[in-house]
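Remarks on the structure that follows.
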Amino acid sequence: MNTKKRIIFVLGGPGSGKGTVCDYLSREYKIGHLSAGVLLRKEISNPRSHLGKLIREHIVNGTIVPATVTCALLRKAMEAAGDFETFLLDGFPRNKENMDGWFKEMGQETELLFILFLKASEDVLMKRCLSRKSSDRSDDDVEIIKKRLRTFYDETMDVISHFMSQQMVRALDTNKTKDEVFKKARAIFDQSL
Ligand code: UP5
Ligand code: MG
């Protein structure tokens, strides 16, 4: 990549609205949206991929795929996305290993702008994962959702706390309606971009 891409990590529990908010923001601000989860699921459905089995095991256990795998997919997708200067990374990095791996692999060629943290209560997270209509997500099962939640609180919150200590986190309450969330997201982006 020739110029440094500007990156926003979008983090939050399962069902917190990462995909929904990123879709909205990418349209409104004409910025790229890369979902690590979507890229990993695509890799599983690619019969030529040697990584499918490893990724599937992580997804059905609600655990986290190593950074080398996810960073390689993100890099490829970023290069294929064309002209965007700024990208929302939806659902990455999910633990310290992912975060360190990102800076090692991508730190030179990207600039981290801030972290958007989507906050919703645990019962809202569970309800939204379960109510996702026509879900083709094998991990939208109550026992797996519990594991995803545990991984979020045990590992991803460490990443968020790390960036909080650097005043890089913009928090957004997603317990509210989509319209209220979008309005608040706009306010954050108008100030921070
Ligand atoms: N909805 C959204 N906002 C709403 C609102 N304000 N009011 C009412 N309804 C709202 O939203 C979920 C549902 O809620 C939708 O039906 C939506 O319409 C509604 P969505 O935007 O899909 O939430 P999101 O946070 O994207 O939920 P998702 O389930 O995708 O989050 P996860 O973090 O669990 O999933 P992800 O795809 O990121 O990861 C899946 C798995 O992949 C992980 O568990 C892990 O095993 C693996 N993974 C890695 O290992 N590494 C990675 O880097 C990424 C993933
Ligand atoms: Mg998502």
Side-chain angles (χ1 to χ4, degrees), residues 7 9-27 33-45 51-78 87-102 105-106 115-160 172-186:
I7 301 296
F9 293 150
V10 181
L11 298 175
S16 58
K18 299 183 292 299
T20 304
V21 171
C22 288
D23 280 346
Y24 172 78
L25 290 169
S26 64
R27 279 197 309 273
H33 169 200
L34 299 177
S35 161
V38 167
L39 294 172
L40 291 167
R41 286 187 287 278
K42 264 196 200 147
E43 200 61 22
I44 293 179
S45 60
L51 296 167
K53 187 167 174 280
L54 169 102
I55 296 171
R56 185 184 297 108
E57 272 168 23
H58 281 291
I59 288 187
V60 298
N61 286 303
T63 53
I64 298 167
V65 173
T68 46
V69 172
T70 318
C71 281
L73 295 176
L74 287 168
R75 174 195 286 278
K76 214 166 90 186
M78 215 180 284
F87 284 91
L88 299 161
L89 293 202
D90 163 356
F92 182 88
R94 292 177 106 88
N95 61 7
K96 190 170 180 308
E97 185 270 348
N98 278 187
M99 182 177 74
D100 293 344
W102 170 265
E105 287 277 322
M106 304 293 287
I115 287 77
L116 182 66
F117 171 29
L118 307 190
K119 281 172 93 164
S121 63
E122 197 168 328
D123 55 321
V124 166
L125 296 179
M126 177 61 86
K127 209 171 68 195
R128 287 191 185 154
C129 286
L130 288 174
S131 69
R132 194 170 4 221
K133 296 283 178 266
S134 70
S135 177
D136 58 353
R137 294 267 302 259
S138 60
D139 58 346
D140 276 346
D141 153 275
V142 71
E143 287 311 314
I144 301 178
I145 297 167
K146 283 184 194 162
K147 290 182 183 168
R148 288 157 61 197
L149 277 165
R150 200 170 315 129
T151 303
F152 171 72
Y153 291 119
D154 288 350
E155 299 189 52
T156 312
M157 275 311 298
D158 285 348
V159 174
I160 294 165
L172 173 55
D173 178 1
T174 57
N175 288 304
K176 312 244 163 66
T177 66
K178 286 186 188 179
D179 282 346
E180 286 170 299
V181 171
F182 293 161
K183 195 172 161 203
K184 185 76 197 303
R186 282 199 73 98

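Numbers here are sequence positions counted from 1. In each ligand, atom 1 is the first atom listed, and ligand 1 is the first ligand listed. For the numbers below, each heavy atom of this structure counts, side chains included, while hydrogens, waters and symmetry mates do not.
- Proximity of a side-chain donor or acceptor of N175 to a complementary backbone N or O of S121 within less than 3.5 Å is detected.
- Nearest-residue assignment for atom 47 (C) of ligand 1 (options I59, N61, T70; heavy-atom criterion): I59.
- Between G37 and ligand 1, no pair of N/O atoms sits closer than 3.5 Å.
- Heavy-atom proximity to T177, at under 4.0 Å, picks out these atoms of ligand 1: 6 (N).
- The ligand atoms of ligand 1 that sit less than 4.0 angstrom from a heavy atom of I64 are 50 (O).
- A salt bridge links R148 with D140: at least one charged nitrogen is closer than 4.0 Å to a carboxylate oxygen.
- Under a 4.0 Å criterion applied to the non-hydrogen atoms of G19, ligand 1 contributes the atoms 21 (O), 24 (P), 26 (O).
- Side-chain contact between L149 and M126: present, with at least one pair of heavy atoms (C-beta onward) separated by less than 4.5 Å.
- We find that K183 and E180 are not joined by a salt bridge, their nearest charged nitrogen and carboxylate oxygen being 4.0 Å or further apart.
- In this structure, K147 has no heavy atom closer than 4.0 Å to ligand 1.
- The shortest N or O to N or O distance between S16 and ligand 1 is below 3.5 Å.
- When each atom of ligand 1 is checked for a heavy atom of G91 under 4.0 Å away, the hits are 52 (C), 53 (O), 54 (C).
- Below 3.5 Å of separation, one finds an N or O of R132 facing an N or O of ligand 1.
- Taking all atoms of both residues into account, the shortest heavy-atom contact from I145 to C129 is CD1-CB, 3.5 Å.
- Between K178 and ligand 1, at least one N/O pair is under 3.5 Å apart.
- Where the criterion is an N or O separation shorter than 3.5 Å, residue side chain and backbone included, G17 meets it with respect to ligand 1.
- Ligand 1 has at least one atom lying under 4.0 Å from a heavy atom of G13.
- Inclusion of V65 in the set of residues having an N or O under 3.5 Å from an N or O of ligand 1 is warranted.
- Listed by atom number, the atoms of ligand 1 under 4.0 Å from K18 heavy atoms are 21 (O), 23 (O), 24 (P), 25 (O), 26 (O), 31 (O), 32 (P), 33 (O).
- Salt bridge status for D100 with K96: present, with a side-chain N to carboxylate O gap under 4.0 Å.
- With sequence neighbours excluded, no residue forms a side chain to side chain donor-acceptor pair (under 3.5 Å) with E105.
- Within the 4.0 Å heavy-atom criterion, the part of R148 lying near ligand 1 is the side chain and not the backbone.
- Interface atoms of ligand 1 facing R41, defined by a heavy-atom separation under 4.0 Å, are 37 (O), 40 (C).
- Within the 4.5 Å cutoff, the side chain of L89 has heavy atoms near those of the W102 side chain.
- Looking at R94 next to ligand 1, an N or O pair under 3.5 Å apart turns up.
- Counting heavy atoms closer than 4.0 Å to ligand 1, residue T63 contributes backbone atoms (N, CA, C, O) but none from C-beta onward.
- Among the atoms of K176, some N or O lies under 3.5 angstrom from an N or O of ligand 1.
- With respect to E143 and K147, no salt bridge is recorded, no charged nitrogen being found less than 4.0 Å from a carboxylate O.
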Side-chain donor-acceptor distances from residues 16-25 under 3.5 Å, at least two apart:
unit_1, atom_1, unit_2, atom_2, d
S16, OG, G13, N, 3.4
S16, OG, G13, O, 2.7
K18, NZ, G12, O, 3.1
K18, NZ, G13, O, 3.0
D23, OD1, H33, ND1, 3.2

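- Those atoms of ligand 1 that come under 4.0 Å of a heavy atom in H58, given as number and element, are 46 (O).
- Using a 4.5 Å heavy-atom threshold, the side chains of E57 and L54 count as separate.
- Using a 4.0 Å cut-off to heavy atoms of A36, the atoms of ligand 1 that qualify are 52 (C), 53 (O), 54 (C).
- V65 is not listed as a side-chain neighbour of F92, based on a closest heavy-atom distance of 4.5 Å or more.
- Side-chain atoms of T177 and D179 include no donor-acceptor pair closer than 3.5 Å.
- The shortest N/O to N/O separation between G15 and ligand 1 falls below 3.5 Å.
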